[in-house]
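In listed order, ligands and their atoms are each counted from 1.
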Amino acid sequence: MAFRIAPSILSADFARLGEEVRAVASAGADLIHFDVMDNHYVPNLTVGPLVCAALKPHVKLPLDVHLMVRPVDRLIPDFAKAGASIISFHPEASEHVDRTIALIKENGCKAGLVLNPASPLSFLDHTLDKLDLVLLMSVNPGFGGQQFIRSVLPKVSEVRKRIDKLGRDIWLEVDGGIKTENIAEAARAGADTFVAGSAIFGSKDYAATIKQMREKLSVV
Ligand code: DX5
Ligand code: ZN
């Protein structure tokens, strides 16, 4: 299994974002996770397409855009133009989930659906075959630095089963409270892509932290 590590810029120094993404890229990151919050769907406000476009020239890695906004559709073409590779959204924030998935793909990006800790897996019943990524939240969305919610692990296993049954290359990403201490547990449950904000950007040596995470993953 190929494992991917996606540092979340939410915990980066926003006054030096270009430098920060270059630093995690050279520290061995696989993706840059870009958290978009609107003070409406979630009680926090972060960054939009302008910042995404500004970061794009600083990094060759795919930009993994996590939309925590409602409504969703209006912003999709803007993020596609701003250089997003993957765009993920929460089904509760879209009036028409199937249409939003189609819109992401029409704009040339990979489509992901994000499920909160209490969101049912039934959201995947008629969507999984159209998705490139399922993102399972292991915290409630809105803030970095929260505690990993362990009850998400059985959900990860269940989604892994559904993906394997379908036989398509759909990434299974976990987001929230991932650290060196629990990354292997999430991988054993079936995740292949790991968002880590505070664990990476809050550490002194990004390369050492990513290396430790990969060491934990290498024995899964
Ligand atoms: C939370 C965001 C996460 C967050 C993760 O709403 O979606 O991506 O940045 O941060 P940590 O890794 O600190 O929990
Ligand atoms: Zn996120």
Between ligand 1 and Gly177, is the shortest N or O to N or O distance under 3.5 Å? yes
Does any N/O atom on Asn140 come nearer than 3.5 Å to any N/O atom on ligand 1? no
Gap between atom CG of Leu17 and atom SG of Cys52 - 0.5 Å precision: 11.0 Å
Considering only non-hydrogen protein atoms, determine which one is nearest to atom 6 (O) of ligand 1 and report residue, atom name and distance to 0.1 Å. Gly142 N, 2.8 Å
Determine yes or no for a side-chain-to-main-chain donor-acceptor pair under 3.5 angstrom, with Thr127 supplying the side chain and Phe123 the backbone. yes
Using a strict threshold of under 4.0 Å (side-chain N to carboxylate O), is an ion pair present between Arg4 and Asp64? no
With rounding to 10 degrees, His33 NE2, the Zn ion (ligand 2) and His66 ND1 define an angle of 100°
Taking Lys130 first and then Asp98, would you say they form a salt bridge - that is, a charged N and a carboxylate O separated by under 4.0 Å? yes
Residue Arg99 excluded, over 12 heavy atoms near CZ under 6.0 Å: no
Determine whether the side chain, the backbone, both or neither of Ser198 has a heavy atom under 4.0 Å from any heavy atom of ligand 1. both
Is it the case that ligand 1 has an N or O less than 3.5 angstrom from some N or O of Gly144? no
Can you list the atoms of ligand 1 that are under 4.0 Å from a heavy atom of Met68? 6 (O), 7 (O)
For His66, take its heavy atoms, then give the atoms of ligand 1 lying under 4.0 Å from any of them. 7 (O)
May I ask you to list the atoms of ligand 1 that are less than 4.0 angstrom from any heavy atom of His33? 8 (O)
Where ligand 1 meets Val195 - atom numbers and elements under 4.0 angstrom, heavy-atom basis: 8 (O)
Which N, O or S atom name in Asp35 marks its closest approach to the Zn ion (ligand 2)? OD1
Closer than 4.0 angstrom: is that true for some heavy atom of Phe143 and an atom of ligand 1? yes
What are the atoms of ligand 1, with element, lying closer than 4.0 Å to any heavy atom of Gly176? 14 (O)
Per side chain to side chain contact (heavy atoms under 4.5 Å, CB included), Ile5 is matched among Leu31, Thr193, Thr209, Ile200 by Ile200
Atom 5 (C) of ligand 1: which of Asp64, Leu10, Asp175 has the nearest heavy atom? Asp175
Determine whether a donor-acceptor pair (N or O, by modelled atom type, separation under 3.5 Å) exists between the side chain of Asp30 and the backbone of Ala6. no
Met37 near ligand 1, heavy-atom distance under 4.0 Å? yes
Against heavy atoms of Pro141, which atoms of ligand 1 measure under 4.0 Å? 6 (O)
Just wondering, are more than 12 heavy atoms of other shown residues or ligands nearer than 6.0 Å to NZ in Lys56? yes
Could Asp164 and Lys161 be called an ion pair, given the rule that one side-chain N must be under 4.0 Å from one carboxylate O? no
4.0 Å heavy-atom contact, Ala199 with ligand 1: no
Looking at Ser8, Ala12, Gly197, the heavy atom closest to atom 9 (O) of ligand 1 belongs to Ser8
Hey, which atoms in ligand 1 end up nearer than 4.0 Å to a heavy atom of Ala196? 12 (O)
Name, closest N/O/S atom of Asp175 to the Zn ion (ligand 2): OD2
Could you walk me through whether Asp73 and Thr100 pass side-chain hydrogen bond (donor to acceptor under 3.5 Å, both in side chains), step by step? CA-CA 6 Å; Asp73 294 7; Thr100 303; 2.7 Å; yes
Heavy-atom donor-acceptor pair, Lys81 side chain to Ala53 backbone, under 3.5 Å: no
For His66 and Asp175, run side-chain hydrogen bond (donor to acceptor under 3.5 Å, both in side chains): C-alpha distance rounded to whole Å, both residues' side-chain angles, the deciding distance at 0.1 Å, then the answer. CA-CA 10 Å; His66 174 191; Asp175 182 5; 3.2 Å; yes
